[in-house]
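Given the structure is predicted, the values throughout are model-derived calculations rather than measurements. Just follow the structure's listing: the first ligand is 1, and inside any ligand the first atom is 1. Reckoned from all heavy atoms, side chains included, excluding hydrogens, waters and symmetry mates. Counting from 1, the numbers follow the sequence of the chain as shown.
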Amino acid sequence: MRFGINTLDDVEVQGKTVLCRIDINQPVDRATGRLKDTTRIEACIPTLRELSDKGAKLVLMAHQGSDIEYKNFYTTEPHAKELSKFLGKEVRFIDDVCGPSAREAVRTLKAGEILLLDNVRFVSEEQTLFETKLRLSHEEQARTLLVRKLAPLADVYVCDAFAAAHRDQPSLCGFEELLPSAMGRLFEEEFCVISGLMEKPERPCVFVLGGAKINDAFLMMSAVLSGGAADTVLTGGLVGEVLLWANGEDIGEEARAFIKKEGYENLVETAKELLAAYRNKIVMPKDFAVVENGGRVEYSLGKIPPGALVLDIGNKTAKKYQEAIRAAKTVFVNGPMGVFEEEPTEAGTKMVWEALGDTGAYTVIGGGDSITAAKKYKKTGLINYICTGGGALIRFLTGEELPVVKALRHGSTIKAKKE
Ligand code: 3PG
């Protein structure tokens, strides 16, 4: 047991059906549905290999989201192929989550075999129950459909999804009430490293927040500022644009229309409150890049022409961010500065990642897109710690006990109640 949570050393899995929640949520190419990166898939292999080698009948649960918040869910079918490749053994896939076909597939598993269920977020409870919408107790989580259907078929629950540890969802927090539970090896490692980091981050401690998960980014910003973890927050992507709007700046009508269309206008009020309380710690972009005739064109704030959609921070902003990163002692990064996948709009992210590679600060990055960017700019070997979690990492740093950690601790202290 570590941190009050069972590890794989504390559960008997030989010949047992083990339900294992992993986080293999990866950036997806929207046009082809192909995975653009496999970092999280590779990261959970040690746990899966250990469980399979120990003779578990292994059932994997995972989610796959889109690049914008929680929309456009994809099947986990391509993930089964990648898992098979990295494990060197077949991972079967079933296009069902907890219906009759999935349950039949679970029942027919033999020791050492591995089955991946389809995207758990195809079950609506996985999306609607978490965060602020509706808080369920451990007992209530255990009464959700997914848990009621799958728990009776399983003997042990393992959670290796550190990257989703901030989500209060049945696949993550519902099984611990009913089954003997443990964290997997990846969860254990990330928990251990990040806990160590939290004890005393050297200051100044700079957070770089960007990306498209904007609700999350505002939650994080608020937490790291109010908790005192952040001395400075550098903002990019949509986060920066919403802050600028809240600050009364002109970000261009296309950006405003996009923010409204995606339903983020409500965050302008949140941004105003954050600016009122922490204005001296929040840094917003001063210039932006747009694409005109296939090429990059930069505009200062307030000069963005009608019809142009900002897709990256500009050069002046990126240089300023580089200076702040190079002067820091600790840097946490979650999310790119713009659409770094496309050549004309990658410079902002590229420059920030360059500074991450050569700063003397202790650097930590987290999250799918951040890792993809580190790989693209060949910085993985230069960054001190790469965490599979983005949102989970930052939320962990706020000192809040994450829902999955709470559930695993709870599970490790109660007697298995499986009927
Ligand atoms: C992540 O990418 O941060 C985790 O996989 C959690 O995904 P979510 O933000 O869609 O819940």
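Close approach of ligand 1 to Asn25 (heavy-atom distance below 4.0 Å) involves ligand atoms 1 (C), 2 (O), 4 (C), 5 (O), 7 (O). Listed by number with element, the atoms of ligand 1 under 4.0 angstrom from any heavy atom of Ala163 are 3 (O), 4 (C), 6 (C). Counting atoms of ligand 1 from 1 in the listed order, those under 4.0 Å from a heavy atom of Lys213 are 1 (C), 2 (O), 3 (O), 7 (O), 8 (P), 9 (O), 10 (O). Atom numbering of ligand 1 starts at 1 in the shown order; those under 4.0 Å from a heavy atom of Asp23 are 4 (C), 5 (O), 6 (C). Of all atoms in ligand 1, listed by their number and element, those nearer than 4.0 Å to a heavy atom of Arg167 are 8 (P), 9 (O), 11 (O).
Between the Tyr321 side chain and the Thr235 main chain, a donor and an acceptor come within less than 3.5 Å of each other. With hydrogens and angles ignored, the 3.5 Å screen pairs a side-chain donor or acceptor of Asn25 with a backbone N or O of Gly65. With hydrogens and angles ignored, the 3.5 Å screen pairs no side-chain donor or acceptor of Thr330 with any backbone N or O of Pro201.
Contacts of Arg40 with ligand 1, taken as heavy-atom pairs under 4.0 Å, involve the side chain alone. Counting heavy atoms under 4.0 Å from ligand 1, residue Arg121 touches it through the side chain alone.
Look at Lys320 and Glu323 and you find no salt bridge, because none of the NZ, NE, NH1 or NH2 atoms lies under 4.0 Å from a carboxylate O.
Tyr157 and Phe175 have parallel rings, their planes meeting at less than 30° on a 0 to 90° scale where 60° marks the start of perpendicular. Note: Phe191 and Phe162 have tilted aromatic rings, judged against thresholds of 30 and 60 degrees for the angle between ring planes.
Every heavy atom of Gln169 sits 4.0 Å or more from the atoms of ligand 1.
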